[in-house]
Amino acid sequence: MAFYRAPRGTQDILPEDQPYWHHIQERIHGVAQLYGYRQLDTPIFEDTALFEQGVGETTDIVEKEMYSFLDKGKNPITLRPEFTAGVVRAYLEHGMHVRPQPVKVYSLGPCFRYERPQAGRYRQHTQFNVEAIGEQDPAADLEVMSVAWHLYEDLGFKELSFQLNSIGCPKCRPDFLKVLVEYYRGHIDDICDDCRRRLERNPLRLLDCKAESCQPIIDAAPNMREHLCDECAEHFQTLLGYLDSLGRPYTLSHRLVRGLDYYTKTVFEVWAEGIGAQNAVCGGGRYDGLAEVLGGPPTPGVGFASGLERVVLTMKQQGVQVPTLPSPQVLIAHLGEQAKLMGVKLASDLRAAGIGALISFGKRSLKSQLRQANRQGVAFALIIGEREAEAGRVAVRDMAQGEQHPVALEDVTTWLSQRLG
Ligand code: HAM
């Protein structure tokens, strides 16, 4: 018989994996609060044009990866492939420029990209996204980078490092692109088909081509950092000074250009041991021109996003332990109709008092109900047999010790509260 599977590139997060997700999300809220970032939730879908203009028409995301459709009102809609465009849209829409700057916000939720699924790459993934909007100080670049770093250190990651670059601004980048294009024209016969296309449509992306044949050409390619204008060069040097003063390790890479068109000046990624260079655990940078592209006043901004599936993967690969989630410590076992009635009422009273309680369903032998208590790992089984039901009491079995005590029904809640703390 045919049965359904989750769509390709999506995954179910089963109960046994939830401790990772709860722990990561708890740390995310904690770290964000430590740096003064407040939560902002934006819609999961936006007008398609927002991403076309914000992320850029010639990016892989917009050209190939968006989940776009016409809704029933024939409006072009896209499931968000990333947060930044929507967050800047919200900043402009709600006039947040009148608030104290920068506006520091974080978001958490699913993003959608029609990519070729592989380990750490999914069609639905979950991002933790951080933005500081309205500030051009390189100290803001340092701050968002520190939020990422702090989170990963808190989660117990080993072998963290930043990949770092500056890709300049509309003042200095066009001249660099001319030099880059000229260099690539000299190698036109040696580059891959994708790069021939990039040469025409988006030459900066030539530098992060993954094809084997293009690697020596990238190695010897001109370096944007040698073509920065004074303002961009000073911004980058100041940031490096801050990173040095904190002793944060970084690798400068002229290949790091990132896949979204809004970036200016700083771009960065974090790589962690075990997850591989193609799977950055986070990526981000500055986007000083994005607000204007979206029709707003000039507003600098900087941020990053981290894919939580990759965070979970890294934690598993690095053997990081997470706390287990709380579960009921009590199971009510019953024999006979009257006992079951008492059991149902007792379960309800215990839960009302904040004590998690399970009750077995159906009519099963005591032995089978105690086996269930064992499997569930509860601390106590509350046994109500016919005799207990008659006498209005419960036999409380301490599952670890194997001992049993009679407790009057009206005292059970207090008795358990004292023992379960
Ligand atoms: P991005 O590098 O495209 O940047 O994505 C950010 C992070 O999301 C990646 O580093 C990765 O951890 C995760 N990610 C992206 N695509 C996938 C996928 N298909 N499967 C699993 N994880 C994925 C942005 O989205 C920018 N908006 C980041 C930013 C915020 N820049 C400034 N502010």
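Quick caveat, the model's predicted, so the values are computed rather than measured. Read the numbers this way: they start at 1 and go in the same order the structure lists the ligands and their atoms. Quick note: numbers below take in every heavy atom, side chains included, and nothing from hydrogens, waters or symmetry partners.
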Student: Please identify which of these residues, R38, Q33, H29, meets the side-chain hydrogen bond (donor to acceptor under 3.5 Å, both in side chains) condition with Y106.
Tutor: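 That would be H29; it is the only one of R38, Q33, H29 passing the side-chain hydrogen bond (donor to acceptor under 3.5 Å, both in side chains) with Y106.
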
Student: In terms of side-chain geometry, is the basic nitrogen of K171 or E231 positioned less than 4.0 Å from the acidic oxygen of its partner?
Tutor: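 Result for this pair is yes, salt bridge flagged.
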
Student: Distance to 0.1 Å, residue and atom name: give those for the protein heavy atom nearest to atom 23 (C) of ligand 1.
Tutor: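 Looking only at protein heavy atoms, the one closest to atom 23 (C) of ligand 1 is H125 CD2, 3.3 Å.
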
Student: Should S306 be counted as touching ligand 1, given the test is an N or O pair under 3.5 Å?
Tutor: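 No - when backbone and side-chain N and O of S306 are compared with those of ligand 1, no distance drops under 3.5 Å.
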
Student: When you measure from atom 11 (C) of ligand 1 to every protein heavy atom, which one gives the shortest distance, and what is it?
Tutor: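 For this ligand atom, the closest protein heavy atom is R310 NH1, 3.4 Å.
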
Student: Got more than 12 heavy atoms from elsewhere within 6.0 Å of NZ, K158?
Tutor: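 Atom NZ in K158 is packed in, count exceeds 12.
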
Student: Work out whether the distance between some heavy atom of E309 and some atom of ligand 1 is less than 4.0 Å.
Tutor: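 Under 4.0 Å: no for E309.
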
Student: Heavy atoms only: give me the nearest L260-T59 pair and the separation to one decimal.
Tutor: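 What the structure gives for the nearest pair is CA-CG2, 4.1 Å.
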
Student: Using the rule given for side-chain contact (heavy atoms from CB on, under 4.5 Å), can you reason through Q215 versus R255, listing the C-alpha separation, both sets of side-chain angles and the distance that settles it, and then say yes or no?
Tutor: CA-CA 10 Å; Q215 300 313 304; R255 296 161 166 264; 2.7 Å; yes

Student: Quick one: which of D154, I28, T324, L155 gives a side-chain contact (heavy atoms from CB on, under 4.5 Å) with H23?
Tutor: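 Output: one option passes, namely L155.
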
Student: Would you tabulate the side-chain donor-acceptor contacts of residues 177-190 under 3.5 Å, counting partners in other chains and residues two or more places apart, or write 'none'?
Tutor:
unit_1: Y183; atom_1: OH; unit_2: I217; atom_2: O; d: 2.6
unit_1: H187; atom_1: ND1; unit_2: Y183; atom_2: O; d: 3.0

Student: Indicate, with yes or no, if the rings of W149 and F157 have centres closer together than 6.0 Å.
Tutor: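 Not under 6.0 Å, so no.
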
Student: Ignoring angles and geometry beyond distance, decide whether R121 reaches within less than 3.5 Å of ligand 1 through its nitrogen or oxygen atoms.
Tutor: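 No: no nitrogen or oxygen of R121 is under 3.5 Å from one in ligand 1.
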
Student: Using a strict 4.0 Å cut-off to heavy atoms of G283, name the atoms of ligand 1 that fall inside it.
Tutor: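 Counting atoms of ligand 1 from 1, those under 4.0 Å from G283 are 10 (O), 28 (C), 29 (C).
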
Student: Nearest heavy atom to atom 3 (O) of ligand 1 wins, so pick from R113, E82, R80.
Tutor: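 Selected option, by shortest heavy-atom distance: R113.
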
Student: Compute both the distance and the angle, then confirm whether K104 meets the cation-pi test with Y35: under 6.0 Å from the six-membered ring centre, within 45 degrees of the axis.
Tutor: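 No; the conditions do not both hold, so K104 does not lie above the ring face of Y35.
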
Student: Are any of the heavy atoms in G259 under 4.0 Å away from ligand 1?
Tutor: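 No, G259 has no heavy atom closer than 4.0 Å to ligand 1.
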
Student: Over all heavy atoms of both residues, which pair between I355 and V330 is shortest? Give the atoms and the distance, please.
Tutor: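 Looking at all heavy atoms of both residues, the closest pair is CG2-CG2, 4.1 Å.
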
Student: Please say whether I61 places an N or O atom under 3.5 Å from an N or O atom belonging to ligand 1.
Tutor: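 In fact, backbone or side chain, I61 has no N or O that close.
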
Student: Tell me which part of Y262 gets within contact of ligand 1: side chain, backbone, both or neither, using heavy atoms under 4.0 Å.
Tutor: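 The side chain, only.
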
Student: Answer yes or no: are there more than 12 heavy-atom neighbours, outside Q136 itself, under 6.0 Å from its atom CD?
Tutor: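 Counting neighbours around CD of Q136, 12 or fewer heavy atoms of other residues, nucleotides or ligands fall under 6.0 Å, so no.
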
Student: Just which atoms of ligand 1 are under 4.0 Å from any heavy atom in E131?
Tutor: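 Numbered from 1, ligand 1 contributes 30 (C), 32 (C), 33 (N).
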
Student: Nearest heavy atom to atom 31 (N) of ligand 1: which of Y287, Y263, Y114, F128 does it belong to?
Tutor: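 Nearest heavy atom to atom 31 (N) of ligand 1 lies in Y263.
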
Student: Is there a ring pair (Phe, Tyr, Trp, His ring centres under 6.0 Å) between F304 and F128? Walk through the geometry before answering.
Tutor: CA-CA 8 Å; F304 76 88; F128 165 44; 5.8 Å; yes

Student: Is the closest heavy-atom distance from R258 to ligand 1 below 4.0 Å?
Tutor: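 Flag set, R258 near ligand 1.
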
Student: Based purely on interatomic distance, does T84 place a nitrogen or oxygen under 3.5 Å from a nitrogen or oxygen of ligand 1?
Tutor: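 Such a contact does occur with ligand 1.
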
Student: Tell me the closest heavy-atom pair linking R89 and L294, and the distance in Å.
Tutor: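 Reported closest heavy-atom pair: N-CD1, 4.2 Å.
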
Student: Considering G9, G307, A85, G120, which one's heavy-atom position lies nearest to atom 21 (C) of ligand 1?
Tutor: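 Looking at heavy atoms only, G120 sits closest to atom 21 (C) of ligand 1.
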
Student: Any idea which protein heavy atom is nearest atom 7 (C) of ligand 1, and the distance to it?
Tutor: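 Residue, atom and distance for the closest contact: A305 O, 3.4 Å.
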
Student: Above 12 or not: heavy atoms from other molecules or residues under 6.0 Å from OH of Y114?
Tutor: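 For Y114, atom OH is not crowded (no more than 12 foreign heavy atoms under 6.0 Å).
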
Student: For N129, counting its heavy atoms only, list the atoms of ligand 1 lying under 4.0 Å from any of them.
Tutor: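 Matching atoms, with element in brackets: 30 (C).
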
Student: Do any nitrogen or oxygen atoms of Y122 come within less than 3.5 Å of a nitrogen or oxygen of ligand 1?
Tutor: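 So ligand 1 has an N or O lying under 3.5 Å from an N or O of Y122.
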
Student: Under 4.0 Å from any heavy atom of G284, which atoms of ligand 1 are there?
Tutor: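 That gives atoms 31 (N) of ligand 1.
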
Student: Below the 3.5 angstrom mark, is there an N/O of A280, backbone or side chain, next to an N/O of ligand 1?
Tutor: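 Checking ligand 1 against A280, an N or O pair does fall under 3.5 Å apart.
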
Student: Do any N/O atoms on V281 end up under 3.5 angstrom from N/O atoms on ligand 1?
Tutor: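 Indeed, backbone or side chain, V281 has an N or O that close.
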
Student: Any idea which protein heavy atom is nearest atom 8 (O) of ligand 1, and the distance to it?
Tutor: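 Sorting protein heavy atoms by distance from atom 8 (O) of ligand 1 puts Q127 NE2, 3.4 Å first.
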
Student: Where is the nearest protein heavy atom to atom 19 (N) of ligand 1: which residue, which atom, and how far?
Tutor: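 Protein heavy atom at minimum distance: E115 OE2, 2.6 Å.
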
